[in-house]
Number of protein chains: 2
Amino acid sequence: MVLMRARTQRGERRTDALSKERIVEAAIEILDTEGESALTFRALAARLATGAGAIYWHVANKDELLAAATDQVVAGVLTEVVSGAEPRDAIRSMALGVFDAIDAHPWVGAQLSREPWQPAIVRILEGIGGRLEALGVPQKAQFNCVSALVNYILGLAGQYAAGARLLPRDTDRTAFLGTVATRWTQLDPAEYPFVHRMAAQLADHDDREQFLAGIDLILVGIRSVR
Amino acid sequence: MVLMRARTQRGERRTDALSKERIVEAAIEILDTEGESALTFRALAARLATGAGAIYWHVANKDELLAAATDQVVAGVLTEVVSGAEPRDAIRSMALGVFDAIDAHPWVGAQLSREPWQPAIVRILEGIGGRLEALGVPQKAQFNCVSALVNYILGLAGQYAAGARLLPRDTDRTAFLGTVATRWTQLDPAEYPFVHRMAAQLADHDDREQFLAGIDLILVGIRSVR
DNA sequence: ACCTGAACACCGTTCAAGT
DNA sequence: ACCTGAACACCGTTCAAGT
């Protein structure tokens, strides 16, 4: 008994022991395979073959669990970016990384616009903001610039995530945009002429390209600040 | 009896009769005074002196109720903009209108990033997008431009709304930013140098001005598309 | 120290029954 | 046609009791 305790304290934890990492991992699996609404403490406890209350020993509450899951996904995406890359390229690839992460895990999009100080948000701010110096943006203007870029990403993230939450689970981003376009077409053309015109473009465009075009637009604006 | 029916049919509805408008109005009151979490069908029914189920005769579900409440607030803000205004000024004042609406009603910020096709979103797209033509932006580029502007607004809306949801109800936007700045200062400066530098600026800046600076940054980018 | 699972205090939504 | 309110099927979270 004494020996076992010594062993586990040295970190060779039993495979079946609960830990925050194992809980977050199981949460991500549920979120990815069954969607946001399927993540309940009961479902999570069942998957981990434990009681619902046990989870609270490792995680304060559901918010912390979601923030931890989101941070894990986002951290993975941002560290992929080559550190030596040209700053403008680095920003583009980080933005695209977050975009793709939200495509693969829509719940990430929802969570990002839920807690301003969560680790994932801070990571994104640091990753993108940290390249502005090298881009020649003066210190005083850097906050405005990172705010424009990151809030654009978060705004889009929220919209896609909402679509994924509301539409059937197998709907992809293109089908989602098709749904939006259809709804726009049903509006009164006299009252919504602009939205009607956009509906035509929305149906058959590459939204990843579209997303990058927005980033580039903001980067042009940032260039002028220099 | 026959006479009364005739009267009510002509639209002179009894003051105490339930209607979608009355329900939405009561919902907005609860949301504004007691916060997002206080809006339950039970609380709403109590305020309207009726049963919870009665609400479902006029409103499909809670999503529709929130979308209707949000649309009412946003519609009020956007129609305030003078129709003859210079397009760039019109865009700025619409953006600011939405920003102020979210300040006054944080739940609007949360709801805007929850349903991509809700009336309020379509209104904002039309209001802002409709001015791009006059700004000389070619048709093909208009979608990218409106997307950059509106997603920036929505992203920021989501962050502020999240802050308002998580902090005590009497916290204003400035105090909220102070909280964020404090959390940023607690991070490891070696790992988050950029965020640390921004924390100093965040504490004492005018966030309304900051918001407009972001809009202007994007407008500069849009100018280059012409 | 860590886990169990029943219990608490809620939710949104439905629906038989009323008027 | 419209309203009532009990009932259903859930939630997140707590906590006494176990090991």
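Per chain, numbering begins at 1; letters A, B, ... match sequence-line order. Below, all heavy atoms of this structure are taken into account, side chains as well, without hydrogens, waters or symmetry copies.
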Can you name the nearest heavy-atom pair linking A/Ile121 to A/Pro116, along with the distance?
CG2-O, 3.4 Å
So if I take every side-chain heavy atom of A/Leu18 and compare against C/dC3, D/dC3, C/dT13, which nucleotide ends up nearest?
C/dC3
CD1 of B/Ile55 versus P of C/dG12: gap in Å, rounded?
10 Å
Could you tell me whether the side chains of B/Gln210 and A/Asn144 share a donor-acceptor contact shorter than 3.5 Å?
yes
Complement of C/dA6, any strand, by Watson-Crick or G-U distances under 3.5 angstrom
D/dT14
Send over the distance from B/Ile30 CD1 to C/dC11 P, rounded to a whole Å.
11 Å
Looking at residues 35-43 of chain B, who's got a heavy atom less than 4.0 Å off DNA chain C?
B/Leu39, B/Thr40, B/Phe41, B/Arg42
Rounded interatomic separation in angstrom, taking CG from A/Leu44 and P from D/dC11:
13 Å
Hey, is the side chain of B/Trp57 poking within less than 4.0 Å of OP1 or OP2 on D/dC3, counting only N and O atoms?
no
Gap between atoms CD and C1', on B/Glu64 and C/dT13 respectively (whole Å):
14 Å
Under a 3.5 Å threshold, yes or no: a donor from one side chain and an acceptor from the other, between B/Asp71 and B/Gln118?
no
Could you check A/Asn61 against B/Ala52 and say which one's nearest nucleotide on DNA chain D is further toward the 5' end?
B/Ala52
Flag the pair B/Phe211 / B/Phe99 as yes when their ring centroid distance falls below 6.0 Å, and as no otherwise.
yes
Given atom NE2 of B/His58 and atom P of C/dT13, what is their separation to the nearest angstrom?
16 Å
pair_partner(D/dA1), Watson-Crick or wobble, both distances < 3.5 Å, evaluates to C/dT19
Check whether any side-chain N or O of A/Thr171 sits under 3.5 Å from a backbone N or O of A/Leu167 as a donor-acceptor pair, and report yes or no.
no
Kindly assign one of parallel, tilted or perpendicular to the pair B/Trp184 and A/Phe143, based on the angle between their ring planes and the thresholds 30° and 60°.
tilted
Between B/Lys20 and B/Glu64, does any NZ, NE, NH1 or NH2 come within less than 4.0 Å of an OD or OE carboxylate oxygen?
yes
Separation of atom CZ in A/Arg22 from atom C1' in C/dC3, rounded to whole Å:
13 Å
Gap between atoms OH and C1', on A/Tyr56 and C/dA6 respectively (whole Å)
15 Å
Between P of D/dC10 and NZ of B/Lys62, the distance in whole Å:
19 Å
